[in-house]
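Only heavy atoms go into these numbers, but all of them, side chains included; no hydrogens, no water, no symmetry mates.
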Amino acid sequence: MAPVALCLGLLAIRAGATGQLRFSFLVWNLFLAVLPFPLALLTDYVSRLRHWQFALPIAGLWLLLLPNSPYLITDLAHLEPTNAPYWFDTLLYGSFAVTGVMLGFGSVALIHTATGDRFGRTTGWLVALSSLVLSAFGIYLGRIERWNSWNIFGDPKALARSILSPIRSPIANARTIGFVLLYGAFLVITYVGMAMIGVILSNTTAPRVRHEPE
């Protein structure tokens with residue numbers, strides 16, 4: 001996958017130029033960001049076979065891991081002057097962030113299509129946009145509360161308290177709600193915008209019927 005190769009290539013260039021192996025957390029976060037995409041592919045494949053009893057658990061695991069993809073945006077918080085040119089590190093972090101968003105949107109689009117084909121266009125959009133808003137909440141849990149996806153199995157009670165807290169006391173958790181709304185709006189608007197661009201490109205590249213003069 002070209003964007004992933006670009007990210008790793010930029011890290012290799014930086015390591016070769018500075019003689020330092022840094023930003024290992026970016027590699028780990030990129031690995032986590034990739035995981036939802038094959039799960040979405042598998043969900044789409046199994047749903048086409050109409051094995052819904054298998055498709056739903058896979059889709060649930062996809063939704064659990066989906067926030068890891070756009071989470072790479074928040075790694076821009078680590079951007080600071082180092083021994084490497086600042087413009088290079090900006091490109092490095094930006095490449096990881098864009099790749100994470102692309103991977104996330106790609107997997108959402110697969111689930112969007114699979115759901116739309118099975119349950120209708122409206123349901124497909126509802127599932128896609130809802131998953132993006134939930135991802136924004138997942139980003140909050142990861143970046144601010146420092147939870148990981150696997151904590152749902154390791155410490156489910158404490159994770160549940162973090163999840164339910166803004167629901168039970170929205171006023172006391174105004175910053176949390178603001179974080180989720182802003183990131184959710186960003187993801188939803190960007191996804192819809194890219195979908196519109198895709199429609200425009202498909203219309204402009206589709207072969208046109210030429211009308212011969214009578």
**Request:** Check the side chains of Thr115 and Arg121 for a donor-acceptor pair under 3.5 angstrom, ignoring hydrogens and angles.
**Result:** no
**Complete:** Only one of Phe25, Tyr93, Phe96 passes ring pair (Phe, Tyr, Trp, His ring centres under 6.0 Å) with His78, and that residue is Phe25
**Asked** Between Asn68 and Asn29, is any side-chain donor less than 3.5 angstrom from a side-chain acceptor?
**Response** no
**Prompt:** Which distance, rounded to the nearest 0.5 Å, do you find between the CG of Leu182 and the CG of Leu187?
**Reply:** 11.0 Å
**Complete:** Taking every heavy atom of Gly106 against every heavy atom of Phe37, the minimum-distance pair comes out as C-CE1, 3.8 Å
**Phe186 side, atom CZ; Leu132 side, atom CG - distance, nearest 0.5 Å** = 10.5 Å
**Message:** Tell me the closest heavy-atom pair linking Leu39 and Ile58, and the distance in Å.
**Reply:** O-CG2, 3.6 Å
**Exam field: side chain Ser202 to backbone Val199, donor-acceptor pair closer than 3.5 Å** = yes
**Complete:** In terms of heavy-atom contacts, Phe137 and Thr176 come closest through CE1-CG2, 4.3 Å
**Message:** Please check: side-chain N/O of Ser165 versus main-chain N/O of Arg161, any donor-acceptor pairing under 3.5 Å?
**Reply:** no
**Asked** Stepwise, does the side-chain contact (heavy atoms from CB on, under 4.5 Å) test hold for Leu91 with Arg14?
**Response** CA-CA 11 Å; Leu91 176 62; Arg14 192 186 193 285; over 6 Å; no
**Minimum heavy-atom distance Ile177-Pro166, with the two atoms named** = CD1-O, 4.2 Å
**Asked** Does Ala114 offer a backbone N or O that forms a donor-acceptor pair with the side chain of Arg118 under 3.5 Å?
**Response** no
**Request:** Using modelled atom types only, decide if a donor and an acceptor are shared between the side chain of Ser130 and the backbone of Val127 within a distance under 3.5 Å.
**Result:** no
**Asked** Roughly how far, to the nearest 0.5 Å, is the OG atom of Ser95 from the CG atom of Leu72?
**Response** 11.0 Å
**Asked** When hydrophobic residues are tied together by side-chain contacts of less than 4.5 Å, even through go-betweens, does Leu8 share a cluster with Val98?
**Response** no
**Prompt:** Is the closest side-chain heavy-atom distance between Thr43 and Leu110 below 4.5 Å?
**Reply:** no
**Asked** What's the shortest heavy-atom distance between Glu80 and Tyr86, and which atoms?
**Response** C-CE1, 3.8 Å
**Message:** Other residues, nucleotides and ligands only: do more than 12 of their heavy atoms fall within 6.0 Å of OH on Tyr45?
**Reply:** no
**Asked** Do Ile167 and Tyr140 belong together in a cluster built from hydrophobic side chains that touch within less than 4.5 Å?
**Response** no
**Message:** So, taking the atom named CZ in Phe105 and the one named CE in Met194, what distance separates them when rounded to the nearest 0.5 Å?
**Reply:** 6.5 Å
**Asked** Would you say the side chain of Ile73 lies within less than 4.5 Å of the side chain of Val101, judging by non-hydrogen atoms?
**Response** yes
**Asked** Would you call the rings of Phe54 and His51 parallel, tilted or perpendicular if under 30° counts as parallel and over 60° as perpendicular?
**Response** perpendicular
**Whether over 12 other heavy atoms sit under 6.0 Å from Leu76 CG** = yes
**Complete:** Rounded to the nearest 0.5 Å, the CG atom of Leu103 sits from the CG atom of Leu30 at a distance of 7.0 Å
**Message:** Over 60° means perpendicular and under 30° means parallel, so tell me whether Phe179 and Tyr183 are parallel, tilted or perpendicular.
**Reply:** parallel
**Item:** Any donor-acceptor N or O pair under 3.5 Å, side chains Asp44, Thr113
**Value:** no
**Fill in**
Note: Ser162 and Leu141 closest approach over all heavy atoms is CB-CD2, 4.1 Å
**Message:** Are more than 12 heavy atoms, taken from residues, nucleotides or ligands other than Leu49, located less than 6.0 Å from that residue's CG atom?
**Reply:** yes
**Message:** Let me confirm one number: the CG-CZ distance from Asp75 to Arg143, rounded to the nearest 0.5 Å.
**Reply:** 5.0 Å
**Message:** Under the criterion side-chain contact (heavy atoms from CB on, under 4.5 Å), I'd like the reasoning laid out for Tyr71 against Leu32: C-alpha separation, chi angles, the key distance, then a yes or no.
**Reply:** CA-CA 10 Å; Tyr71 178 86; Leu32 294 176; over 6 Å; no
**Asked** Does Met102 belong to the same Ile/Leu/Val/Met/Phe/Trp/Tyr cluster as Leu129, with side-chain heavy atoms less than 4.5 Å apart forming each link?
**Response** no
**Message:** With a 4.5 Å cut-off on side-chain heavy atoms, are Ser131 and Leu66 touching?
**Reply:** yes
**Request:** Report the relative orientation of the aromatic rings in His112 and Tyr191; use parallel for angles under 30°, tilted for 30 to 60°, perpendicular for over 60°.
**Result:** tilted
**Request:** Answer with yes or no whether the hydrophobic clustering places Ile13 together with Leu26; edges join I, L, V, M, F, W, Y residues whose side-chain heavy atoms lie under 4.5 Å apart.
**Result:** yes
